[in-house]
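Note that these values count all heavy atoms, side chains included, but never hydrogens, waters or copies made by symmetry. Everything numeric in this text was worked out from a predicted model, so none of it was measured.
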Amino acid sequence: MEESEIGGGGGKHCDPFIDRSKVRILLCDNDTRSATEVLELLCRCSYQVTSVRSARQVIDALNAEGSEIDIILAEAYHLGEFKMLEFFDKKP
């Protein structure tokens, strides 16, 4: 996101009118029903959403377009191994 920050803190300016259509979310859920429900909700709220099902797909998406992703929603419990967390640990 640009200069605005949701939730306050840190003395930064909070903008309650963020253009949600410009916020990119990477959603990872291997449960088809749950992923569909969350995806539909986020899209109804005008967010740009990329949905994947595995930790490997999260890593691939971040390698391809990581600088454009603002939020990652993932339930690590369902991802089995913690490959995604290892990926974050390696990044500066």
Side-chain angles (χ1 to χ4, degrees):
M1 289 188 285
E2 299 178 17
E3 293 185 43
S4 302
E5 183 174 88
I6 299 174
K12 293 186 178 180
H13 172 71
C14 295
D15 186 353
F17 302 106
I18 292 175
D19 184 356
R20 290 180 288 190
S21 68
K22 294 183 180 179
V23 176
R24 300 223 21 203
I25 298 175
L26 176 58
L27 170 65
C28 180
D29 193 337
N30 67 356
D31 179 279
T32 304
R33 182 177 175 199
S34 173
T36 301
E37 290 175 7
V38 173
L39 177 63
E40 288 174 359
L41 175 64
L42 292 170
C43 289
R44 276 197 314 261
C45 293
S46 301
Y47 292 104
Q48 294 182 47
V49 183
T50 299
S51 182
V52 298
R53 297 192 53 148
S54 70
R56 170 78 319 208
Q57 291 173 324
V58 168
I59 293 168
D60 291 343
L62 290 173
N63 282 330
E65 55 187 305
S67 64
E68 299 172 12
I69 294 173
D70 300 303
I71 300 170
I72 300 169
L73 295 177
E75 192 166 350
Y77 174 78
H78 290 294
L79 298 177
E81 299 178 51
F82 291 95
K83 299 259 184 235
M84 183 176 63
L85 298 176
E86 291 171 0
F87 174 82
F88 292 129
D89 191 42
K90 293 177 184 176
K91 292 292 179 178

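We find the CG-OG distance between D29 and S34 to be 4.0 Å, quoted to the nearest 0.5 Å. In this structure, S54 OG and D60 CG are separated by 7.5 Å, a value rounded to the nearest 0.5 Å.
In this structure, R53 contributes its side chain and N30 its backbone to a donor-acceptor pair below 3.5 Å. The backbone N or O of I25 sits nowhere less than 3.5 Å from a side-chain atom of Q48 that would complete a donor-acceptor pair.
For L27 against L39, the heavy-atom pair with the smallest separation is CD2-N, 3.9 Å. Of all the heavy atoms in R24 and T50, the pair that sits closest is NH2-OG1, 3.6 Å. Counting all heavy atoms, side chain and backbone alike, Q57 lies closest to V52 at CB-CB, 3.5 Å.
Put simply, V38 and I71 are part of the same group of oily side chains (I, L, V, M, F, W, Y) that touch within less than 4.5 Å, one to the next.
Across L73, V49, V58, a single residue satisfies side chain to side chain contact (heavy atoms under 4.5 Å, CB included) together with L26, and that is V58.
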